[in-house]
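Worksheet: the structure to be examined is printed underneath.
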Amino acid sequence: MSRLKIQNSEVQVKGNQTWNVYRLVNDQGMYVEFINYGGIITDISVPDRNGNKENVVLAFKNHNDYLDNPIYFGALIGRVAGRIKQSSFEINGQNYQLDPNEGDNHLHGGKNGFHSRIWEVSPYETEEEVGAKLSMVSPDGDGGYPGQVKVEVTYTLTNDNKFIISYEASSDKTTPLTLTNHTYFNLSGNNKRTLEDQELCLDSSKMVELDKELIPTGKWLDVTDSPFDFRDKKKLESVFTYETPQQKIANGGMDHFFKFDKHREVDVYLEDPKSGRTLSIETDQPGIVIYTSNSFPEGIELAEGKPKKHAGLCFETQSSPASLHEVGFPNIILDKEQSYSKRTIFTFGIQ
Ligand code: FUC
């Protein structure tokens, strides 16, 4: 008999708020836990090669800390994932000014982006999968963006340990939009080890060059012969140095948009040789921002204590906000009355 199920509970947070906590559980006993605030994923528990189930994502010890989540732990990001230079852009000759939240620039949809909204959650289950639809309406002028945008994100867990995130949206005015999820993965489980020994394979030969404010300069860099070349699987430690200008800018790691070559079915693969856990990512997005948690603000408290540098890795599948100002970057404009539909599949395995 199927053990697929959804568990629902509540958590009290500051300001007299109550959030709903959902847990999707499959036949293998793998589970994904998230809250309706920000659609934040707080737990993905998968077995290691000995069957020990542990959480492979970073999460705060205390739910209250998600109210001010400067590093976007586990959250849905919108309207635009990434940075918009000078918080401004033009559509059809009209200039739009967004709320700046990082110096003069606009990051991850601004201070009140989708990561800090209450989403309406409708759980569902079938014979093969359990899931939940998360919906939200972003009003016209939200954060400075044009148009009313209706968003529906679906979290699905299957019996073969696939966690699927689907994003659907539409707008009544043309607007920039590229949605993602900002979960920090660490396959060691319960944040036991930082990422140096975990091995990454990435189907990309091109990355954006960043300036000192982490804004794309408009130039593509070829990764060949650089520490950012992961076309053959290698340990992450090789990129955790200050060897090249782009590593220095990112504070000793990765914080870049990579364009997929689409030479392989699996766009990204991560493996932890010690625990045996693996993660394969397939997406219909044109690229990804890989962020290797190159610094954490003071005062961050996880269930396992303070996070160390390189404790988690974000796989932000998305398009590129640089396309608002530069040519040759994957577009993020959603035309009026058009539908936005994207999907990323995270498959967990054992090696
Ligand atoms: C990532 C990065 C940023 C930022 C944030 C917390 O997406 O691109 O540099 O630090 O997350």
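Numbers here are sequence positions counted from 1. Note that the structure is predicted; figures quoted are calculated from it, not measured. Order of appearance sets the numbers: ligands from 1, and atoms from 1 within every ligand.
- Counting atoms of ligand 1 from 1 in the listed order, those under 4.0 Å from a heavy atom of E316 are 1 (C), 7 (O).
- In this structure, the ring of H106 has its center no less than 6.0 angstrom from the ring center of F89.
- In this structure, Y184 counts as a contact residue of ligand 1, since one of its heavy atoms falls inside 4.0 Å of the ligand.
- In this structure, of L107, N251, N69, D255, the residue bringing a heavy atom nearest to atom 9 (O) of ligand 1 is D255.
- Within ligand 1, the atoms closer than 4.0 Å to a non-hydrogen atom of L214 are 9 (O), numbered from 1 in the order shown.
- Side-chain rings of W19 and Y66 stay apart, their centers remaining 6.0 Å or farther from each other.
- When R83, E102, H256, H182 are checked for heavy-atom proximity to atom 7 (O) of ligand 1, H182 turns out nearest.
- E265 CD: 12 or fewer foreign heavy atoms inside a 6.0 Å radius.
- Surrounding NZ of K206 are at most 12 heavy atoms belonging to other residues, nucleotides or ligands under 6.0 Å away.
- Between H256 and F258, the ring planes are perpendicular. Angles over 60° get that label, and only those under 30° would be called parallel.
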